[in-house]
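To start, the structure under review is shown below, and the notes come after it.
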Amino acid sequence: MSPAIAMSGVTKVYGGKIALDHVDWQVQAGSIHGLIGANGAGKTTLLRLALGTLWPDRGRIEVLGQQLGIENAALRQKVHYVATGRPLPVHFRVGEWLHYMERLYKRWDAERAKRLLGAMEMDVKALIRSLSSGQQASLQLAGAIAARPELLLLDEPTNGMDLVVKRQVLQLMMDMAAAEGTTMVLATHNIEDVERLADSLSILYRGRFVLDGSVDSLKTHMHRLQVVTGSRWSDTLFDNPQIAHVENRGQVALVTVEGPAEPLMAHFRAAGALLVEPIDIDLAEIFRLVLEKEGYSREAVAWDA
Ligand code: ATP
């Protein structure tokens with residue numbers, strides 16, 4: 001199966017400032033892909049290039065097996081972009097906007113739109129400008145889901161939503177991906193959303209990918225250990241290239257390890273640690289470490305062999 005998005009050597013420069021720097025990126029068809037990066041890392045630029053509303057200065061972009069060119073009308077039906085703050089026609093009523101969308105998208109599922117609005121307790125007669133920003137964000141997502149795209153590009157889609165609506169919306173997105181094999185790219189600062197939804201992810205840092213692969217392989221690549229040193233604490237105990245980070249809490253150390261954990265566990269035990277046990281590592285911790293590492297090395301961290 002060909003990837004839903006394939007970029008190679010893509011560079012985008014805004015007025016002399018490099019926003020994306022020779023980026024290679026693939027998103028597998030049918031996957032939910034998390035795109036994480038700090039402010040200004042280049043996430044929106046990347047999504048807009050995939051949508052075809054921005055043009056790269058260099059490189060090649062294929063979306064759903066088709067090379068992006070000047071004429072992308074067929075792709076417009078298959079690719080949908082939702083971004084926080086993207087204006088909706090505020091003078092429309094909810095029902096009027098849905099009707100407009102129905103005429104725009106050939107694969108529109110009116111029954112699904114109705115169900116989604118019901119779940120969000122949204123009145124079709126309400127003027128869009130009377131909706132809160134969270135409700136407007138939910139409406140945009142409902143429109144995207146009812147349009148049944150093959151590729152859904154989401155740029156901070158849950159901004160402004162309360163926790164209950166957000167959970168509901170994320171669940172709807174997962175249901176849609178499972179039922180229809182929709183590929184989704186979720187650009188966000190919210191690592192918890194990625195942890196809950198995504199099966200692969202990439203981390204952008206200043207216009208370059210510093211990490212790219214499946215969530216499972218990432219979590220088997222990095223481990224966290226709790227080491228109870230007692231009074232035997234010594235800095236040389238943690239002097240090992242596999243150790244990415246040590247957090248010293250008195251007689252206990254939390255150690256983040258790259259690669260297999262067993263050899264280091266054996267090393268700590270042999271050095272007299274009173275207790276060595278693996279503890280859960282979350283994506284937020286991995287993200288923090290990767291960026292910290294990026295501070296002294298710009299080499300991409302690849303954990304997928
Ligand atoms: P955020 O998380 O803050 O939305 P982002 O990761 O989406 O950021 P982009 O919006 O893609 O980042 O911006 C990448 C870089 O390109 C930033 O340095 C930004 O200032 C710059 N940039 C983006 N759009 C333009 C533009 N139209 N003109 C000039 N510079 C731009």
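Both ligands and their constituent atoms are indexed starting at 1 by order of listing. All values below were derived from every heavy atom in this structure, side-chain atoms included, with hydrogens, water molecules and symmetry-related copies excluded.
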Any protein N or O within less than 3.5 Å of an N or O in ligand 1? List each pair with its distance, or say none.
| from | atom 1 | to | atom 2 | distance (Å) |
| --- | --- | --- | --- | --- |
| ligand 1 | 2 (O) | K43 | NZ | 2.7 |
| ligand 1 | 2 (O) | H189 | NE2 | 3.0 |
| ligand 1 | 3 (O) | N39 | ND2 | 2.9 |
| ligand 1 | 3 (O) | G40 | N | 3.3 |
| ligand 1 | 6 (O) | A41 | N | 3.1 |
| ligand 1 | 6 (O) | G42 | N | 2.9 |
| ligand 1 | 6 (O) | K43 | N | 2.9 |
| ligand 1 | 6 (O) | K43 | NZ | 2.9 |
| ligand 1 | 7 (O) | T44 | N | 2.9 |
| ligand 1 | 7 (O) | T44 | OG1 | 2.8 |
| ligand 1 | 8 (O) | G40 | N | 2.8 |
| ligand 1 | 11 (O) | T45 | N | 2.9 |
| ligand 1 | 11 (O) | T45 | OG1 | 2.6 |
| ligand 1 | 12 (O) | G42 | N | 3.2 |
| ligand 1 | 18 (O) | K17 | NZ | 2.8 |

Under 3.5 Å donor-acceptor pairs involving side-chain atoms of residues 140-147, not counting sequence neighbours:
| from | atom 1 | to | atom 2 | distance (Å) |
| --- | --- | --- | --- | --- |
| Q140 | NE2 | R86 | O | 2.7 |

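Side-chain contact between V94 and D123: absent, with no pair of heavy atoms (C-beta onward) separated by less than 4.5 Å. Looking at L20 and L204, their side chains come closer than 4.5 Å, going by heavy atoms from C-beta outward.
Of the candidates R249, E277, E247, Q226 forms a side chain to side chain donor-acceptor pair (under 3.5 Å) with just one, namely E277.
Side-chain contact check for T158 and N190: no donor-acceptor pair (N or O, by modelled atom type) lies under 3.5 Å. For H33 and T183, the side-chain atoms include no donor-acceptor pair closer than 3.5 Å.
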